[in-house]
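The chain is numbered in sequence order, starting from 1.
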Amino acid sequence: QVHLVESGGGSVQAGHSLQLSCAVSGRPVSHIAMGWFRQAPGLEREFVASISSSGRSTFYADSVKGRCTITRDTARNAAYLQINNLKPEDTAVYYCAADSTYSGTYPQSYSDWGQGTQVTVSA
């Protein structure tokens with residue numbers, strides 16, 4: 001059983017940066033693909049970024065390309081999402097997800113999810 005715990009969210013002003021963390025237990029992060037998703041009230045959960053199990057491939061939603069970077073740290077067994085130049089439209093609950101092989105954009109294809117961390121960006 002893979003257990004994920006997000007942290008690093010908060011309330012910030014537009015233009016600031018945040019690094020979200022996802023602590024992973026149950027499996028080495030090097031053996032799983034990781035994804036970040038976000039969900040605003042009343043909207044569907046949407047893809048933000050993902051990294052393959054090898055760590056060699058990363059993917060980003062068009063809305064965050066150039067502002068976000070997904071990374072992982074095998075020593076800490078964690079994944080991270082760096083978000084720069086935050087905008088009010090980035091306001092959402094951010095979730096990390098994991099799967100043995102899948103690193104695509106469909107949230108229903110990920111096996112394990114964290115509880116989410118709130119990001120609120122004010123103008």
Side-chain angles (χ1 to χ4, degrees):
Q1 182 70 33
V2 176
H3 185 59
L4 310 174
V5 180
E6 302 98 330
S7 62
S11 182
V12 299
Q13 291 183 315
H16 284 51
S17 298
L18 283 174
Q19 186 180 58
L20 308 182
S21 299
C22 180
V24 180
S25 61
R27 291 193 70 184
V29 71
S30 61
H31 291 347
I32 54 175
M34 301 291 301
W36 284 95
F37 295 79
R38 65 187 183 187
Q39 188 168 22
L43 301 179
E44 294 184 29
R45 190 166 299 186
E46 66 174 348
F47 171 79
V48 178
S50 64
I51 186 168
S52 64
S53 59
S54 69
R56 291 180 291 195
S57 299
T58 57
F59 307 92
Y60 298 94
D62 289 342
S63 60
V64 300
K65 284 182 179 177
R67 298 193 296 121
C68 288
T69 304
I70 185 171
T71 57
R72 71 183 192 186
D73 187 327
T74 57
R76 289 183 172 271
N77 211 44
Y80 305 91
L81 182 70
Q82 176 73 29
I83 315 174
N84 299 322
N85 192 25
L86 282 158
K87 304 175 180 181
E89 51 263 44
D90 293 321
T91 296
V93 177
Y94 284 71
Y95 299 89
C96 65
D99 193 79
S100 296
T101 57
Y102 187 75
S103 59
T105 63
Y106 293 99
Q108 59 268 34
S109 294
Y110 285 85
S111 299
D112 301 283
W113 292 83
Q115 83 290 345
T117 184
Q118 177 73 47
V119 172
T120 302
V121 184
S122 59

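Between Tyr95 and Pro107, the closest side-chain pair of non-hydrogen atoms is not below 4.5 Å. The closest side-chain heavy-atom distance from His31 to Ser53 is not below 4.5 Å. Residues Leu18 and Leu86 form a side-chain contact, since some pair of their non-hydrogen atoms from C-beta on lies under 4.5 Å apart. Residues Val5 and Gln115 form a side-chain contact, since some pair of their non-hydrogen atoms from C-beta on lies under 4.5 Å apart. At least one side-chain heavy atom of Asp90 sits under 4.5 Å from a side-chain heavy atom of Arg67. The shortest distance between side-chain heavy atoms of Ile83 and Leu20 falls below 4.5 Å. Contact annotation: the side chain of Tyr80 approaches that of Asp73 to within less than 4.5 Å [non-hydrogen atoms, C-beta and beyond]. Side-chain atoms of Gln82 and Ile70, non-hydrogen and from C-beta on, never get closer than 4.5 Å to each other.
Every pair tested for disulfide bond (SG atoms under 2.5 Å apart) that includes a residue from residues 28-59 fails, sequence neighbours excluded, so the list is empty. Listed by first and then second residue, the side chain to side chain donor-acceptor pair (under 3.5 Å) pairs involving residues 14-30 are Ser17-Asn84, Arg27-Ser100 (not counting sequence neighbours).
In this structure, Glu6 CD and Cys96 SG are separated by 3.5 Å, a value rounded to the nearest 0.5 Å.
No donor-acceptor pair under 3.5 Å is formed between the side chain of Gln39 and the backbone N or O of Glu44. Put simply, the side chain of Ser50 gets close to the backbone of Ser103: a donor and an acceptor are under 3.5 Å apart. Without hydrogens or angle criteria, Thr117 side chain to Gly9 main chain gives a donor-acceptor distance under 3.5 Å. Proximity of a side-chain donor or acceptor of Arg38 to a complementary backbone N or O of Val119 within less than 3.5 Å is not detected.
Ring-plane geometry between Tyr110 and Tyr102 is classed as perpendicular, the angle between the planes exceeding 60 degrees on a 0 to 90 degree scale with a lower cut at 30.
Taking all atoms of both residues into account, the shortest heavy-atom contact from Leu81 to Cys68 is CD1-CB, 4.2 Å. Pairing each heavy atom of Asp99 with each of Ser111, the nearest pair is OD1-OG, 2.6 Å. Closest approach of Arg72 to Ser52, counting heavy atoms only: NH1-O, 3.5 Å. Shortest non-hydrogen contact noted between Ala98 and Met34 is CB-SD, 3.7 Å. The heavy-atom pair separating Ala49 from Tyr60 by the smallest distance is CB-CD2, 3.6 Å. Residues Val24 and Ile32 share a closest heavy-atom pair of CG1-CD1, 3.8 Å.
No path of Ile, Leu, Val, Met, Phe, Trp and Tyr side chains, each step under 4.5 Å between heavy atoms, connects Phe37 with Val29, placing them in separate hydrophobic clusters. Residues Trp113 and Phe59 share a single hydrophobic cluster, defined by chaining ILVMFWY side chains whose heavy atoms lie under 4.5 Å apart.
Aromatic rings of Phe47 and Trp36 (six-membered ring for Trp) have centroids beyond the 6.0 Å cut-off, not under it.
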Asp62 and Lys65: CA distance, side-chain angles, deciding distance, salt bridge (charged side-chain N to carboxylate O under 4.0 Å, His left out) verdict
CA-CA 5 Å; Asp62 289 342; Lys65 284 182 179 177; 3.2 Å; yes
